[in-house]
Amino acid sequence: MNATGEQPPSEPQQNDQQAFRYTGALAQQIELRWQDWWDEHHTFETPNPAGPLGDPTVREQAKLFVLDMFPYPSGAGLHMGHPLGFTATDIFARYHRMTGKNVLYTMGFDAFGLPAEQYAVQTGQHPAITTDQNIANIRAQLRRLGLSHDPRRSISTTDPDYYRWTQWIFTQIFNSWYDADRKVARPIAELVDEFRSGVRPTPDGRPWADLSPSQQADVLDDHRLAYISEAPVNWCPGLGTVVANEEVTADGRSDRGNFPVFKRNMRQWMMRITAYADRLVDDLDLLDWTDSIKAMQRNWIGRSEGARVHFSSPAGTITVFTTRPDTLFGASFMVLAPEHPLVDALTTPDQAATVAEYRRQASAKSDIARQVEDKTKTGAFTGSYATNPINGEQIPVWIADYVLMGYGTGAIMAVPCGDERDFEFARQFGLPIPAIQQPPASWFAGHGIDPSLDTSTWPQAFVGDAAYVNSANGTLDLNGIVDVATGKRRTNEWLEANGCGEATVNYKLRDWLFSRQRYWGEPFPVVYDESGHAHTLPDELLPLELPPTDSFSPRTFDPDDAMSNPESPLDRLTEWVWVELDLGDGPRRYRRDTNVMPQWAGSCWYELRYCDPTNDQAFIDPEVERYWMGPQPDGRTGGVDLYVGGVEHAVLHLLYARFWHKVLFDLGHVSSPEPYHRLFNQGYILAAAFQDERGMYVDAFGVEERDGKHFFEGRPVTREYGKMGKSLKNAVAPDEVCADYGADTLRLYLMSMGPLDASRPWESKDVVGMLRFLQRVWRNLVDEDTGALRTDLPVLDDATERVLHRTIDGVRNDLENLRFNTAIAKLIELNNHLTKLGGCPREAADRLVLMLAPLAPHLAEELWHLLGHTDTVTYQQFPVADPTLLVDDTIEVPVQVNGKVRSRIMVAADADQATMEATALADPKVQAALGGNAPKKVIVVPGRMVNIVG
RNA sequence: GCGGGCGUGGCGAAACUGGCAGACGCGCAGGAUUUAGGUUCCUGUUCCUCGGAGUGUGGGUUCGAGUCCCACCGCCCGCACCA
């Protein structure tokens, strides 16, 4: 099949192949023609309520904002997962245009990032050039799929007109602080006012005016939502850059490149996302997201309620975090992370060698080893004792690597009778295990031991509600209380009253490491003065464009060289780095920040720019923002109406974007508290992959099947299913399928494979089914010899009219609920009915084509015009079912006897229970099944079925 | 281990609040068209011993269970010594 669909003249037309049969070749001709027509007629341009894209008449029109997770423009182009999600959103967008909504639907490119930079390093070609080429390529692929994007709204995160506003948002975040009392971000100037007026005391209590400008700057920097911190970061020498926690794999390597990652203290940009932890958890309740994604976000944020407890020790106060303050009476030792700052001071001379050796082992232990190893407890005694504040007991202080410096305070109180890890540790090192709860008899029975408070008989720790024992001091008595919640509350009250601790909330979430020592990203709009304080550039100096260079790579190091230090490519551009500016106090020399932002930055707000892509006065016009993103009349708090993308972004992009949006919301720049109201995660496209005896993947398209076994070049291979892609050698390109079958067939196949959220294996041989369906639709209206509308179409009968209305009703329902697979099945059923009729009655043709339009838009447009219409099908009203035609006058209902279907009876649709019962009992098959016995009971569900109990 | 989800024909899957299990598609079988293959069209297609059996297994609730409840088995995704 050649690309233009024209038959080569040397090959005569097959005599049984009609000239206008809907083949892949004809589909291609039709599709390319309509794609040009749509462009020429600006069919998919969506008006705004105001501004340069404005048309005030849409202000009263209902809106719908449909968004895809925008792609990274990789050199490999689109993979099949993209058309899956994109087709779904396109169908949804097209359907809602036909229900009268003003639909915002476009596509942009998340184009900063490592692959383009690495390609540039290899080839010397500027990443902007390869990025533009890749974007052009992907635009062509998207266009071929018939996606109804508004082309005017497309953006690329790498475009200076776009990242000007990414930088501007950064300056907004930098110039804000989180007011923990009001739980909102506020401009930093308001913090200055509070300090100056004395409403808020300064950290050391001195009047604000008494602080030097540098001291004032330090205080403010400590409050900013974007701040520079000497903090533990993930340094990846192999990449020459730091990476965020989220970009480190479970085995301690870089997400990209798979290099070792080391914990190091370094000065880096951070975002204070932890300030929003509670709101990020609580506001999940506002969202129409799946429980699994909400669970992943909650789990990532890791909110847990407990208490901080202060223990005194020779080295000073050791503070621990615990979720079980009620078990403090059972704390018989403490464990600190090996990296805990107090370890040196706690270590006694006789233990110095042991502790040093253990710490050396712990730090040398790679993260992989820590994963692979079993959970056998190791540790070392520091030689020191701390005082348990609740009973005054001296308890030994140990270090062990099962306590993590990065969680809580890096120190725990060990309650071996009530915590399995502490129990194992105590057993391992012969530490005391005092019992503080009386486990129920069933617990002992379950373990086959006699009830006893002698923990040496216990096989494991007891966790749960049970009466406290040995849990009293002079002022607190928990003994006899049986529920843990009360125990916690009473203990917390005691801790606070006695200054030994306080109830608190701990989070797994940590602040977001926001700088990268790379080239292909947004430069920070920041300069440093001679005292080293950061200043953001004023708005009129934005965008701060990436300076040209031909040296794109950061300095990379031996991947195992943990002590190396980052050097950004921008560091080398000394003429750019040093700059003279007047920031309001006269011209001064400043040093620019040489970091760039992480790739996530651009994707944190792109949906807002889609709304108002050409605005050069603001990142978005407030009226436009309220229209597309604001609170809705139905009570929804606003945001994108439907956001479709892969589950791989469940915690990274979706958390960061929610955070930025909330800051913008607090500062009054947007009107909705959440960016994405409804989220839908599409499944993956899987495909069969084949491995030879050595475990190497072989080209899946060269594999032959014989008797259920698979062979590659004569040798047996084993089959598995995996994500379609280059590494498994099983990728099918969307372009090929479009060339062979047409985009409409591809769209239908992708949607018909199963529910949108399910992963499904691609089967090339199945694609033809959807081509045959469209072919039959075509043949039911078009003369395959002439290509003209058929003149022999049957007349519309009542039964067909009813089938049509049922289809309309079902398809509407399915499209609204993203059930495209069943929508397609209903249309096939309708068409099969029409095929038996001998064609599609002219009176039904418009409605058939309109229902097809969202799913197979090119074919629908072609048929729409063959039917004599001159305008695009895009904005036609989607057919509406007549409810009176959805129910038949008489219906067939099954009759069950003792739960088994024995007969079917015809009754009036509105027959009452008595009539149905009488009809059913009169049925000969029913009587036979009853065997002459009188029914004991008859259950009638009007309009549905009869069940007789014999 | 914890959290989320899922088990239905040869395959992808339908069955929305408990009410005719297997819609629709692939594949397969038979037939028509064709010199043939391919294409297209028509008919059939859950399984077997033709009376039944049947939605991972075993219980339960119910007139009635793929759907609800309990236990177990298996698979997928996420997190993982999180105090």
Side-chain angles (χ1 to χ4, degrees), chain A residues 14-18 21 23 250 290-296 298-300 302 304 306 320-324 327 335 337 370-371 373-377 400-404 406-415 418-422 424-425 506-508 647-648 650-651 681 683-684 708 748-749 752-755 757-770 772-773 775-776 779 784 810 813-814 817 819 821-829 831-832 835-836 892-901 903-904 935-941 943-950:
Chain A
Q14 300 273 350
N15 59 2
D16 64 335
Q17 172 82 51
Q18 279 75 10
R21 169 156 296 168
T23 59
T290 61
D291 288 341
S292 74
I293 298 289
K294 288 186 182 184
M296 282 164 79
R298 285 200 187 93
N299 185 42
W300 190 266
S304 56
V320 305
F321 172 74
T322 175
T323 54
R324 291 291 302 273
T327 62
V335 187
R370 258 173 103 149
Q371 286 292 314
E373 240 171 55
D374 66 342
K375 304 284 164 82
T376 306
K377 296 290 178 289
D401 64 4
Y402 82 91
V403 176
L404 310 173
Y407 183 77
T409 62
I412 62 160
M413 61 179 213
V415 183
D419 181 282
E420 191 52 33
R421 294 154 304 177
D422 298 345
E424 286 170 22
F425 192 83
N506 191 59
Y507 303 93
K508 254 195 290 189
V647 71
E648 66 271 19
V651 284
N681 292 112
Y684 290 114
L748 251 50
Y749 173 62
S752 70
M753 292 163 85
D757 56 355
S759 291
R760 67 288 301 280
W762 175 273
E763 290 291 351
S764 290
K765 70 172 166 47
D766 291 358
V767 178
V768 71
M770 289 302 122
R772 286 180 194 150
F773 162 52
Q775 206 168 58
R776 286 197 297 270
R779 192 158 41 224
E784 288 190 316
N813 244 305
D814 286 345
N817 293 294
R819 290 193 300 255
N821 52 334
T822 49
I824 291 167
K826 289 181 175 84
L827 286 168
I828 294 174
E829 279 183 89
N831 193 56
N832 288 349
T835 303
K836 284 198 178 69
E892 187 190 73
V893 297
V895 182
Q896 296 181 344
V897 178
N898 294 327
K900 286 195 175 110
V901 178
S903 186
R904 290 158 214 281
K936 292 197 182 96
K937 189 175 180 185
V938 180
I939 293 100
V940 178
V941 184
R944 302 204 77 155
M945 53 102 61
V946 180
N947 191 11
I948 300 165
V949 186

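So that the names make sense, note that chain A is the first sequence line, chain B the second, and so on, each numbered from 1. Quick caveat, the model's predicted, so the values are computed rather than measured.
If you find the closest nucleotide of RNA chain B to A:Glu892 and to A:Arg421, the one lying nearer the 5' end belongs to A:Glu892. Nucleotides of RNA chain B nearest to A:Ser752 and A:Asp814 differ in position, and the one nearer the 5' end is that of A:Ser752.
Backbone-only contact: A:Asn821 has heavy atoms under 4.0 Å from sugar-phosphate atoms and none from a base. In this structure, A:Lys765 reaches the sugar-phosphate backbone alone: every heavy-atom distance under 4.0 Å involves primed, P, OP1 or OP2 atoms, never a base. Heavy atoms of A:Asp422 sit nowhere under 4.0 angstrom from any nucleic acid atom. Here A:Glu829 lies in heavy-atom contact (under 4.0 Å) with sugar-phosphate atoms only. A:Lys377 comes within 4.0 angstrom of a base, heavy atoms only. Residue-level contact check: A:Glu420 touches neither bases nor backbone, having no heavy atom under 4.0 Å from any strand. The residue A:Thr835 sits close only to the backbone: its heavy atoms come under 4.0 Å of sugar-phosphate atoms, none of a base. Among the protein residues, A:Asn947 comes within range of the nucleic acid bases, having at least one heavy atom under 4.0 Å from a base atom. Within the 4.0 angstrom heavy-atom criterion, base atoms lie near A:Met945.
Distance from the side chain of A:Val901 is smallest for B:rA21 among the nucleotides B:rA21, B:rU40, B:rG3. The A:Val941 side chain lies nearest to B:rG19 when the options are B:rG25, B:rA13, B:rG19. Distances were taken from every side-chain heavy atom of A:Asp291 (C-beta onward) to each of B:rC24, B:rG25, B:rG5; the shortest belongs to B:rG5. Of the candidate nucleotides B:rU40, B:rA83, B:rC63, B:rA83 has the atom lying nearest to any side-chain atom of A:Val403.
For the strand RNA chain B, secondary-structure stems (runs of at least three Watson-Crick or G-U pairs, all distances below 3.5 Å) span B:1-7 with B:73-79, B:10-12 with B:24-26, B:27-32 with B:40-45, B:46-48 with B:51-53, B:56-60 with B:68-72.
Taking 4.0 angstrom as the limit, A:Gln896 places none of its side-chain polar atoms (N or O) nearer than this to OP1 or OP2 of B:rC63. The side chain of A:Asn832 contributes an N or O atom lying less than 4.0 Å from OP1 or OP2 of B:rG25. Distances shorter than 4.0 Å separate none of the side-chain N or O atoms of A:Arg298 from OP1 or OP2 on B:rC79. The phosphate of B:rG18 has neither OP1 nor OP2 within less than 4.0 Å of any side-chain N or O from A:Arg944. Between A:Arg772 and B:rG27, a side-chain N or O to OP1/OP2 separation shorter than 4.0 Å is present. In terms of phosphate contacts, A:Arg819 brings no side-chain nitrogen or oxygen within less than 4.0 Å of OP1 or OP2 of B:rC24.
Using cut-offs of 30° and 60° on the angle between ring planes, the pair A:Tyr402 and A:Phe425 is tilted.
Taking only distance into account, the side chain of A:Asp766 never meets the base of B:rC26 through a donor-acceptor pair shorter than 3.5 Å. Residue side chain A:Lys826 does not reach the base of B:rC24 through any donor-acceptor N/O pair under 3.5 Å, judged by distance alone.
To the nearest 0.5 Å, the span separating CG on A:Asn831 from CD1 on A:Ile824 amounts to 13.0 Å. Atom-to-atom distance recorded for A:Leu827:CG and A:Ser752:OG is 12.0 Å, nearest 0.5 angstrom.
A:Lys377 contributes no side-chain N or O that, together with a main-chain N or O of A:Arg421, makes up a donor-acceptor pair within less than 3.5 Å.
Glycosidic conformation of B:rG9 is syn; the angle stays within 90° of 0.
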